[in-house]
Amino acid sequence: MTTLETSETGALVGTTGPRRSWRVVWIYGVLTVAAAVALIGFSRPGSATFGLQSSTDLVSLPPLVLPALPTGVVASLIAAACTGVAVMLVRLDRRQPLWLPIVFALALVVGLLTWATAGSPQTVPLPGLLAGSLALAVPLIFGALGGVISERVGVVNVAIEGQLLAGAFTAAVVASLTRSLIAGLIAAMVAGMLVSFVLAAFAIKYLVDQVIVGVVLNVLVLGLTNFLYSLVLVPASATLNSPPQFTPITIPLLSAIPVIGPVLFRQTVIVYLMYVGVVAVTIGLFRTKWGLRLRAVGEHPQAADTVGISVGGTRFWNVSLAGAIAGLGGAYLTLAAVPSFTRDVTSGAGFIALAAVIFGQWNPVKATLAALLFGFASNLQNVLGIVGSPVPPDFLLMLPYIVTIFAVAGLVGHARGPAAAGKPYVKG
Amino acid sequence: MKLELRGITKRFGALTANDHIDLVVEPGEIHCLLGENGAGKSTLMNVLYGLYRPDEGEILLDDEVQRFSGPGDAMRAGIGMVHQHFMLVPVFTVAENVMLGHESTKAGGRLDLDAARATVREISDRFGFDVDPDARIEDLPVGIQQRVEIIKALSRDAGVLVLDEPTAVLTPQETDELIGIMKQLRDGGTAIVFISHKLREVREVADRITVVRLGKVVGQALPTASSTELASLMVGRAVELTVDKAPAAPGADALVIEGVHVYDGNGVPVVNGVDLTVRAGEILAIAGVQGNGQTELTEAIFGLQAEVTGRILLHGEELTGRTPRQVLDAGAGFVPEDRQHDGLVPEFTIAENLMLDRSDGEPFVRRGALRLKRLAAFAEERLKRFDIRAQGIGTPVGRLSGGNQQKVVLARELSRDLRLLVAAQPTRGLDVGSIEFVHQQIVATRDAGVPVVVVSTELDEVVALADRIAVMHRGRVVGVVPADTPRDVLGLMMAGEAPQAVAA
Amino acid sequence: MTFREPQGGAQETTDQPVPVADTGTEQAGLDPQQDPGQQRPEAAESSARRVLRDVLSGSALLSVLAVVVSLLIGGVLIAVTNPQVITASGYFFARPGDTIVAAVQAVGSAYGSLFRGGLIDFSAVGFVAGIQPLLRSLGFATPLIAAGLGIAIGFRTGLFNIGGQGQILIGGALAGWVGFTLPLPGALHLVAALVGGLVGGALWAAIPGVLKARTGAHEVIVTIMLNYIAFYFIDYLLGTPVLQAPGSNSPVSAPTPTSAQLPQLFGSPVNLGFPLVVLLVLAAAYLLDRSSLGFKLRAVGENPSAARTAGIDVKRMTIAAMVISGVFVGFAGAYQVLGQTTSGFSNAFDAGIGFNAITVALLGRSRPWGVFWAGLLFGVFQNGGYTMQAANAVDLNVVSVVQSLIVLFIAAPPLVRAIFRLPAPRGARA
Amino acid sequence: GQAPAPAASGSGAASGSAAATSDYLPCIVSDQGGFDDRSFNQLGLEGVKAAAKDLGSQYKEVQSATANDYASNVDNLVAQNCNIIVASGFLLAPAIKSSATKSPSTDFAMIDDTSIDLPNVKNVVFNTNEAAFLGGYAAAAYSKTGTVATWGGIAIPPVTIYMDGIAEGVKYYNQQKNKNVKLLGWNADTQKGTFVGNFTDQNKAKTISTNFLGQNADVIIPVAGSLYQGAGAAIKSSGKQAVIEGVDADIYNTDTTGAKDLVLVSILKNISVAAQDVVEQSAKEKTFDNTQYVGDLKNGGVGLSSFHDYESKLPAGLTDELDKIKAGIIDGSISVSSKAAFN
Ligand SMILES: Nc1ncnc2c1ncn2[C@@H]1O[C@H](COP(=O)(O)OP(=O)(O)OP(=O)(O)O)[C@@H](O)[C@H]1O
Ligand SMILES: Nc1ncnc2c1ncn2[C@@H]1O[C@H](COP(=O)(O)OP(=O)(O)OP(=O)(O)O)[C@@H](O)[C@H]1O
Ligand SMILES: [Mg+2]
Ligand SMILES: [Mg+2]
């Protein structure tokens, strides 16, 4: 017994059984074995070519040619090594560092890509793969930022889809009418905010279950935009649904960084706004008075109330802000991606964003990473389809969703949200 | 600062929680409010603090009438309050909690955490607290959390300080320290309103005492009044303050705990090799400062801890590795420490809560179906026998007062054929009348030949109930001593000194 | 110790001075027990006034008014997009009356069609013919009720099952597959297909349940993802001989064999699905209110840690709740294939029921009979909407707008009271 | 003005002309894509409208939002005493089948499906692969990079039949010219390719197109209704010299989103013409003729649109070659095939 006391934190290794979860290790193990079987056991002949250069790069990089079998072996070995490290860390009772799943995932992705495209005459354009991932992630990230703010202040936001859709619709109409992109952006924010107002008013003033309001708002906005699209926009699309479009702006030095430079820094204003948004929300939430109060209200509204913070007001305005941010995500769809609104143009992005919020553990940076992971998996599916993969399209289309489930079940596990999220606050 | 309340009336629907209450607290005075559960003390303080708007009456500070539209106004006017239920954000650090609501900022609205840390340190030093400004609240023991609440109130230079049952969760030492601080503040000219159910400390600290019953002031008393006098003034009848119990007639060893370790999520041992034996028909009280492994030990008995090693035997039957269900089925009854969190489902009715741990088979379930009539009859009987004050068995438990909630838990646990009873903090936050009742029930259980474990941080309770006392410190049993061990010895043991060393 | 009559307020509180109502679902919905009045003697009020006051603040009236407000707002949408109204508004300032008349006519006749198509057709000859629309509405209500019950059971256990779509798809497809491939005799065929549907829904719902219990993965994420996976999976199967109609090259299944179809009752538009769903309501009510399992599910939903302390296996209950939820939702899937789209289904036969069921469950306050009435209401609107579209050229989306507004307004009685300047219920807290 | 054009509002459902001279009532029901899909639903509606105008009759349109709506929408149109109901899309086939069985006096035109064999149902299908063959050939001929691409909304026969035709057209070009133009996004042998997974996600459509542009494709043929806008946007933001081909309608004429100048040509599926013909024919003739209509190059049911702005930029002789191929397909000397084709 005395020996057991010697260490405060972790010397009791192995003597009394496991205390940390082996779940991560299991996931690593299963994936490693699966990868080894596929990449080595069912190895395909030939090699895969990865393009590192996007057409407008200044420096030219030769494409990377990876032979399938050796790459499969190396990828499997790296995956096995990661699994080994994970086992060791669990036995040593240490925290799993963030780089481990990243290295692991990279090895698997490279292995998978090489396997799937081996022998294909097509090159896998890495910058294109990444740029597409980002493009698919942008509305998700805006939606997730809105979700994080809203839930952090204690209002469960199931209405992200509605906020995105309202933003997309309004941005298209207002920008078409005014011929001004800025007006479109502002209108999208206002529209997202209006959806939020309803959420906030019903949830905060009338104490209606926040999930009800969120679910219903999605239906309401979808119905309204469909209705207005058919009856108002389609007949007058030249005036009401032909907005100008944001053009990418190249940032001089940064965009010259190989591979990721053009991906990140040859983007439209909305995407730059998104970078700013992620940084600002992160700093704001954790470093400023605004964030402190916001989080206090979401964690313990009574405590906030007793120090003179207006719970209702804080919730109301921050939920509105969340709507405005999500609205920008909608504007991306109709002002940057494609210059027009079409029926249900969000196609469920809001729900994926909601998943990213939870997956990202209510942290803006992690939620952004979750959205990027989703975007990457989606675009990986696209690219695999393009370079010709042996998998039926329907199964490729499932890829991002399956990846998300694996990630959530395997790596994130139980996530604790803001303590008071979803609970209406009633003062005595 | 002088505080005066004039004719404060506060109604909740048909109920008048405060009925024309007058109260004057002079600067440099500690004024105690006494009253049974639900008398209206907290309500009055919430009115004072701007949380509730009074229906009638006015609040005066230094003879000026105040208009509070919210706690913000009250704080600005110089009122500080330590709430009955801590108002701290668990995931924030001490400094963040202290600065919340009056944050100092640097350029760009960024928090000036250094300033907040300095404030925390400055107040800590002034009163000899040992509080790390960067510790997260949820990692701190309640005693320290209590200090954070006080620091929070003081950081705003409160001229009137309200302490609503601040000692309910403190150890004797911590209570003594708090009393010292209150006296320090009083001597500095602060007007203090102090609410407590513990007559001993009220008499020790009060300059004046006001007793409230049924929302009305029923009398003033001086600290020189005896506990018995105060108690009967509060409740309106004579109260037995000491537990009337015959000497124990212990039988065979019933609960045997051998070399038990409990590890937390990080693999740190929180119970560290505990050996204990409880005999049938005896009460073993486990004393100790909150957070020294008592909670985990009781949870380990009931299969509620994930990582337990060692052996726990009940009448020779192995309990380790069993599920909570199996332990309950083995005849163990459990009064958990946090009744609202672990003991009750607040949204459920009294009746439903009374069958909560017998949701699987007889008597309330047959072939998968609830037997509601039988449950109703049972609940009615329990309601009467345990004197649970409620509209009926269909009342949601969340609407009951704390004392009545506790009675529901007891009524449930004591209605089975017990072979073991474990009661953790059975009277936390209860008034003297309720305490009397709960203690009687526990003693009656012992007298029926059941081995009883009572975990309490309350020395009064430990001394009143125990046949033997085990003191825990840092996950270990410091020693097992007879019930008549002097308080100061117990106090030292709670601080970790072995009994021989103490005796020597 | 004193005893004071506990107050039956709308919010339950713990013993904190600042109460927090934490089950929002309790706040809203079609429950007759809403806003229980409090027993404060109101000596000053005359009894007649009191009765009036009770009626005006009653929840039945509020629900009706909520529907009225929503229809009014929907009416605005109908009016402003009606060609006659637009024409008339062209000369609004010359003859404003025309615009108003046109608007009233447009909205009136649209809602006339809604009523005629969804509830009762007074122009039809005879009672039986008159209630045909209502009977047809029951057909649309059936899957909404079944799936709504499933979602509601999830809610009561503290789980948010957004996966109705996937569970309907998998359940329905399995029901269909059993129907196509197991040529059982007589009623057995139908029973087997139905069971297939329930099993399919249960299996698909079990995945998030098991993942949540084993790994803590949030059911909201997992169910959303499984919706997409189910959709693409069924899409894939519809392109293979497993589900695709033989000889067809469209991703549409063969018709459901007649013996596996839910039979029509007495030649009416109602099929066996409706009585079955009534049984499901009874089953759900029994489960939640009368059974030991339901008791444990609710305990876990309200306070998992107390449930655990009381010996209830929270993880098992989580899985059980999802599986049971999936069984109910799976019935909706089976109904779609065996009773609704019996002439062959495509990959979208879930028809949005998975999502609408969430609204239905919420509107019904997660109480079985509440869900029943909410589902019925939605069925009537949906069915009436078709007639409104065919007869009055009103876009179907108006119906979904009106439906969502109804949910919002019913959920917020104070708002409806404010709109109609109704008195607050007696004894409500100031 | 005069007859307040009902569809001036583009309404989800409208009834036509107040000044009706014929009491024949043609109706149309959309599938879940809705009438503003810039694709077959829209074309079907246009056909019905045109027929109604010719006949001097009213018409009715109802739109479906989910699969649950089909049967009710159809039944409601029957109840509105429609004489003929045009069903837009194979998804409606099951509903039409049961409704047509129940109401033998109502006639139906079932577009894109051949599964129903009833006296009052006329199947209207299109061998779009014949026209797509031309489109594929034109794309291959136009491409300067030697790479062309196609992608679809969802892998359903009305979509993949285009992709099959395109693949054959490209292959034919390579054979004829001894070139090696690559087609990305569809493999006719394995029937595997690139799909968005729905018909609504413009952002994904754009990303997919960007990927193809990254593979140097300079002709993109999106087979996904209004999602062609995503392809157009991808080309514009890439700044590359690439073009798109439209499908179903001539999107050069229908586009309002600024993608017009990118439209090389459109592969036409003349649903509107077919729908109009079927309606008018059945209105004029006393007996309903249920013989299947197969739109192909020969009867003009499918075809290639004009090259509009690109007329002048085409490789020399392309239009003649296309004419020759068209004749070859019509007379059978060039054989086309698709797993999704009818006949
Ligand atoms: N928010 C509320 N709504 C309705 N009634 C309330 C509310 N808060 C308190 N009450 C009523 O006011 C009475 C006084 O409650 P209060 O909390 O002030 O008692 P207390 O004297 O502080 O009791 P304790 O000693 O247990 O803290 C209670 O009996 C209760 O009925
Ligand atoms: N929101 C409420 N609505 C109706 N009655 C309530 C409400 N809150 C409390 N009560 C009633 O108030 C009485 C006392 O409640 P209170 O919360 O003040 O308990 P308490 O005596 O202070 O308990 P504790 O000492 O544990 O704090 C009980 O009779 C309870 O039924
Ligand atoms: Mg109190
Ligand atoms: Mg109290």
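Everything quoted here is computed from the prediction, not taken from an experiment.
Within the 4.5 angstrom heavy-atom criterion, no atom of F231(C) approaches chain A. For V198(A), the part sitting under 4.5 Å from any heavy atom of chain C is the side chain, from C-beta outward, and nothing else. The parts of V213(A) that come within reach of chain C are both its backbone and its side chain, each placing non-hydrogen atoms under 4.5 angstrom from that chain. When heavy atoms are compared at a cutoff of 4.5 Å, L415(C) approaches chain A by way of both its backbone and its side chain.
From L224(A), atom CG reaches atom CG of L77(C) across 6.0 Å, with rounding to the nearest 0.5 Å. Considering OG1 of T215(C) and CD1 of I27(A), their distance stands at 7.5 Å, rounded to 0.5 Å. Note: L228(A) CG to N397(C) CG = 9.5 Å, rounded to the nearest 0.5 Å. One finds the CG atom of L231(A) at 11.0 Å from the CD1 atom of I78(C) (value rounded to the nearest 0.5 Å). Note that OG of S400(C) is 8.0 Å distant from CG of L220(A), once rounded to the nearest 0.5 Å. Atom-to-atom distance recorded for F406(A):CZ and L211(C):CG is 9.0 Å, nearest 0.5 angstrom.
Summarising the geometry of V208(A) relative to A412(C), their closest heavy-atom pair is CG2-CB, 3.8 Å, with the distance given to 0.1 Å. Closest approach of M225(C) and F374(A) over heavy atoms only: SD-CE1, 4.4 Å.
Counting heavy-atom pairs closer than 4.5 Å to chain A, the top-ranked of the candidates V407(C), T359(C), D235(C) is D235(C). Contacts with chain C were tallied for N226(A), L354(A), V219(A); N226(A) has the most, counting heavy-atom pairs under 4.5 Å. Of the listed residues (V220(C), L408(C), L396(C), V401(C)), the one with the most heavy-atom contacts under 4.5 Å to chain A is L408(C).
Taking the six-membered ring for Trp and the full ring otherwise, Y236(C) and F395(A) have centroids separated by under 6.0 Å. Checked against a 6.0 Å centroid threshold, the rings of F355(C) and F351(A) count as neighbours.
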Given side chain to side chain contact (heavy atoms under 4.5 Å, CB included), test I229(C) with I405(A) step by step and report yes or no.
CA-CA 11 Å; I229(C) 294 174; I405(A) 290 185; 4.0 Å; yes
Give the intermediate values and the outcome of side chain to side chain contact (heavy atoms under 4.5 Å, CB included) for residues D394(A) and F233(C).
CA-CA 7 Å; D394(A) 277 316; F233(C) 184 55; over 6 Å; no
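In this structure, V416(C) and Y206(A) have side chains that are not in contact, with every pair of non-hydrogen atoms separated by 4.5 Å or more.
Among residues two or more places apart in sequence or in another chain, the side-chain contact (heavy atoms from CB on, under 4.5 Å) test is passed with N363(A) by F286(A), V365(A), K366(A). With sequence neighbours left out, F227(A) forms a ring-ring contact (aromatic ring centres under 6.0 Å, His included) with no residue at all.
Ring geometry for Y401(A) versus Y228(C): interplanar angle under 30°, hence parallel rather than tilted (30 to 60°).
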